[in-house]
Amino acid sequence: MSAIRGAASYGRGASAYARVGVESGVMSASPHQLIVMLFDGGLAAIRAARLQMEAGNTAEKGRAISKALDIVNNGLAAALDTEKGGEVAERLGSLYDYIARLLLAANLHNDPQSLSQAESLLENVASAWREIGGSAGHE
């Protein structure tokens, strides 16, 4: 978990998560729990975007993708600490950047494949993060 910054980033992450509409539990969450909440919120936003895309609701699809982008860029990526996390944090940063580009492409081109790829990548990292929390405890 050394790839995640301390209290300053925790506050920024909590603030970003609260901005996207989920407030309960954020201020009392551990840093690990907050990241789990960010993953859950990002994945929920991607799923909502898919439903809106399928329904042809362009404005709602755009809002859902914007919410997912906010979580990826201002929550997950902002919480990375490249000094302590080194190469792992750098690679996660690159992955989050790629996920953001997939989300932008999905929005711009109404592309469900890009949306699915972004969801799959985010779910893989989220799953690994949850396992780390179960074995390493909370910071």
Spacing of OG belonging to Ser30 relative to CD belonging to Gln33, to within rounding of 0.5 Å: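 Here the interatomic distance stands at 3.5 Å.
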Using 0.5 Å steps for rounding, measure from the CD1 atom of Ile71 to the CG atom of Leu43.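 Ile71 atom CD1 to Leu43 atom CG measures 9.0 Å (nearest 0.5 Å).
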Tell me whether the rings of Trp129 and His32 are parallel (<30°), tilted (30 to 60°) or perpendicular (>60°).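 Because their plane-to-plane angle is under 30°, the rings of Trp129 and His32 count as parallel.
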Does Glu87 CD have over 12 foreign heavy atoms under 6.0 Å away?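 Count not over threshold, so no.
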Ignoring hydrogens, what is the shortest heavy-atom contact between [X] and [Y]? Give both atom names and the distance.
X      : Y      : result
Leu102 : Ser114 : O-CB, 3.5 Å
Ile46  : Ala68  : CG1-CB, 3.9 Å
Ala105 : Asp111 : O-CB, 4.2 Å
Met53  : Pro112 : SD-N, 3.7 Å
Ala100 : Asn73  : CB-OD1, 3.7 Å

Would you say [X] and [Y] make side-chain contact, with heavy atoms under 4.5 Å?
X      : Y      : answer
Asn107 : Leu104 : no
Asp40  : Arg130 : yes
Lys61  : Asn110 : yes

Evaluate Tyr96 against Arg91 for side chain to side chain contact (heavy atoms under 4.5 Å, CB included), listing each step before the verdict. CA-CA 9 Å; Tyr96 293 151; Arg91 287 180 186 246; over 6 Å; no
Check whether Leu76 and Val88 end up in the same hydrophobic cluster, where Ile, Leu, Val, Met, Phe, Trp and Tyr are linked by side-chain heavy atoms less than 4.5 Å apart.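 Yes.
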Determine whether Val72 and Tyr98 fall in the same hydrophobic cluster, where Ile, Leu, Val, Met, Phe, Trp and Tyr are linked whenever their side-chain heavy atoms lie under 4.5 Å apart.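 Yes, same cluster.
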Basic-acidic side-chain contact under 4.0 Å: Arg63, Asp70: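 No.
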With sequence neighbours excluded, tell me which residues meet side-chain hydrogen bond (donor to acceptor under 3.5 Å, both in side chains) with Asn57.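 Applying side-chain hydrogen bond (donor to acceptor under 3.5 Å, both in side chains) to Asn57 gives Gln52.
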So, applying side-chain contact (heavy atoms from CB on, under 4.5 Å) with Arg101, which one of Asp97, Leu103, Ile99 is it?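 Single side-chain contact (heavy atoms from CB on, under 4.5 Å) partner of Arg101 among Asp97, Leu103, Ile99: Asp97.
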Considering only distance and modelled atom types, tabulate donor-acceptor pairs under 3.5 Å from the side chains of residues 120-127, sequence neighbours left out.
{"from": "Asn124", "atom 1": "ND2", "to": "Ser120", "atom 2": "O", "distance (Å)": "3.4"}

